[in-house]
Each structure stands twice: as C-alpha cells, then as structure tokens.
Amino acid sequence: MHPLSPALHGAKSLVVVIAGLSWSTLSRVGFGWFAVLVTVFVLGATVLSVISWWNTGYHLVGRELRVHEGLIWRRTRAIPLERLQAVEVVRPLLAQLTGLAELRLEVVGGGKTEAPLAYLSVAEANALRQRLLAVAGRAHEVAPPAAGEPPAPAPAGRRLHTVRNRDLLVSQLLTPQAFLLPFGVAFVVTQFLSEGSWSFIAVASTLTAMAGVLLQPVRRVLDDWSFRLDRDDDTLRVRNGLLETRMQTVPLHRVQTVGVTWPLLWRVKGWLRLRLEVAGYSAAEPDDRNRPDRLLPVGDTHAAELVVAEVLPGVRLGALPTTPPPRRARWLRPLTRAAVGAGLDEQVFAARSGLLTRRLTLVPYARIQSVRVTQGPVQRRLRLATVHADTAGGSGAAAPDRDLAEAWQLAAELITRAHAARRPHRRG
C-alpha cells in the first residue's frame, strides 16, 4: 500500500476516538486530560496502522488476486478473478487531498466487499483496476483518469439521467428530520431560557444531538451529489459523491428487483426514489453506501419511467395492474387495506404497500427463485394467505392477505411465468 496509508487510517481513528469519548468525558476529566487521552489513543491507532501497512500486500498469481495481511496471525486471501463482478475506485475526502484512492472488489456471491485495498496512488489504482478487469475478461471497462492526466475518452454509452443538486437539497429538506428540526430547536431554546443554564457542556451536547438528527439527510446529500446514471451496453454506471467520489458498475443481468418509493412529503412535488436489488453485491455490507442500489435518488414520474424502461424493458410504472386484498382483510389491515395490492404485468410481478410512505416492488419473472404461500392463525380463520416471490438477492416481493383460492392461483401463475421467462436463457 501507499506509505501515506497509515496516516489516513490514523486520521479516521481520530474522528472515531473523539466521538467515542463524548462531551461527558470532557466535563469529568477536563480539557488537558481529554487531549492526553485523545493523543494516546490516536498514537496507538497510528502505530497499529503502520504495523498493518508494513505487513499488507497483494499480487496477481495467474487468475487470482492474493492479498496478504497480519503480523502474528498471517492471512492470505485468494480471490478468483473469474468471479469478479466489478472493481470500484473510491476516493474519500482525505484520499482526494493526498492524491490517493481506495480499490474495492465486488465478487459474485460475496457477503461483503472483498479485499478493499486502501490506499493506492490514483494512477496505481487505475492501472490495477484495468489489469484486474483485463484478466477477468472485462477489459472494455474504463477507469477514471488519474489526477493531472487528461480525461480518458468516454466509454461507448449514453447518459440516462442527471439529478439536479437543487432537487437533491430540496428533497432532503422534505424529510421528517429536517421538517421537525425547527420545532426541536425552539423547544431546546425555551428550556435554556426557562432554566437559565448555558454551560458549555450543555450547549455542546445539544448541538451534538441535533447534528445526529441531521446526519442522515446530510449524508444523503453528500453521497448523491452530482448523481449521474449512464447506460453502457448491458451495464449501468452510477457516478456520485461530493466528499467521497465513487463510480459503481451495475450489470443489468444481475438486477433482481426494482423498488419505487414515494415519501409522504415528496408527493407534494410529485417526486419519488428508485432503488435496485443486485445479486452478488455485498448484501451483508453494514454500510449501505457500499451497495450499488441507487437508481434514482430523487426524480419525477417522467424520469422514473425512462429509467425503469432501461432496466426493465416494456414496464410502465403508471400501467401496472395491482388489486387490493378482499374486503374481509380489513380485520387485519383496518387502515392499510386499500394501500396494499399486487398484480401480474407482462414482464414483472408488482406489489405495493405503505400508507404514509408508499412503496412499489417490481420483480422480473426470470429472477424469481422460489414461490411460497404462507398463512398465519388469523389468516386461516379468514381464509386468507400471503404469496411470496423470492429472489437471489433475498428480499423479493409479497402479496399479503389474498383470498386463499386466489393465493394458490397466483402462486401457480408465478411459477409458470418464471419457468417461461428463464427458458430462452437456458437455450442460450
């Protein structure tokens, strides 16, 4: 790895240490001892980072990438490149300031991002990315240009959509966290005025709590800044990020479901959000920013129709035939029966749900791995059942509280359509 890697890991540890010690620790031990604690922890983390950097390396052996790490317990990971799905070049803020980049490998069936190589110079990261893709038979993919180099020619493809940063900002202002923040600020100020307490610790703790409330919308703005979606042959390319720039590749043949969400406050503007479920991409990754599930962070119905038509040809969002459960399902869903529905389109199985936040899940028939019919005790008394269409990604879609006879008929039709949709692929 690059010699500056320990410094970047140490800087990340500094943020974690300060957040872990909290303001209450500062109030108990004082500023001097607080600074000593932070220094000791950061020095310890930096020493460990240097040791880790000195004992970490990689090399290509045939069609395998082998990553070596560890001092006392040596570990070698061999990643077969024929399973390589994509190589992502990610540049966090500190990496951008130091001219470095992180390389993340996505492999089919991986539980998380494999062998993140942090950090390499931008030129080395781009060269290694191209070499890995060439060995894996994916040499047609083009890496981002290195700093100071002229941009490489754009890959043969076309721009599908660009999200305006203004719309992104407004969309995050129309979230419960941002909408309720002024009321929270007014409440806190009223409490301070009534008690007459304006100590540094009290103010700092309050500001920290407010920052925590705003963290999610702010992170979404930073992550989706300058969001661009391109189509290149049979892949989608997503480029986004402000403080951390990234380019992700989504193979269309691995898309399992498309999810559409209409948040309550967004419906005033006629906006929605599109997300993907992709097989083989770090489904268990704790940080959802590493998952290539963004299809459209915010957009209107027209933009969503265009994007969905690229991912699922022949599917029209406004013409999906979904019907609600029977009237007796109101005993189980007194408020949401009309908001729940399911139906069969020519290309996909569609299921909608949600009262305040509306959701629609589209599952292509060729991606259905299994079909289940389940009944709870109350459903059995009401002669109702739920039909599940499972995918390789793990979530799929469900049609809850259908009439029992209709549920079995729907399950049989889903199985028939799934077999028919996969039959041409088997011939190929």
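By convention here, the first residue in the shown sequence is residue 1.
Figure legend: cation-pi geometry between R273 and W266, with NZ or CZ positioned under 6.0 Å from the six-membered ring centre and within 45° of its axis.
Side-chain contact annotation: H2 with S121, donor-acceptor N/O pair under 3.5 Å absent. T374 and H388 share a side-chain donor-acceptor pair at under 3.5 Å.
Using a 4.0 Å cut-off between a side-chain N of Lys or Arg and a carboxylate O of Asp or Glu, E124 and R131 do not qualify as a salt bridge. Remark: K269 does not engage D300 in a salt bridge, criterion side-chain N to carboxylate O under 4.0 Å. Salt bridge status for D230 with R158: absent, with no side-chain N to carboxylate O gap under 4.0 Å. Using a cutoff of 4.0 Å between basic side-chain nitrogens and carboxylate oxygens, R129 and E88 are not scored as salt-bridged.
Heavy-atom contacts from other residues, nucleotides or ligands closer than 6.0 Å to NE2 of H302 number 12 or fewer.
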Distance-only check: which donor-acceptor pairs under 3.5 Å involve side-chain atoms of residues 349-360, not counting sequence neighbours?
| residue | atom | partner | partner atom | Å |
| --- | --- | --- | --- | --- |
| R352 | NE | T322 | OG1 | 2.8 |
| R352 | NH1 | A338 | O | 3.0 |
| R352 | NH1 | A339 | O | 3.1 |

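Using a distance-only test at 3.5 Å, with no hydrogens or angles considered, a donor-acceptor pair links the side chain of S5 to the main chain of Y119. Side-chain atoms of R164 do not come within 3.5 Å of backbone N or O of S226 as any donor-acceptor pair. Side-chain atoms of N240 come within 3.5 Å of backbone N or O of D223 as a donor-acceptor pair.
Partners of R372 under the salt bridge (Lys or Arg N to Asp or Glu O under 4.0 Å) rule, at least two apart in sequence or in another chain, are D390.
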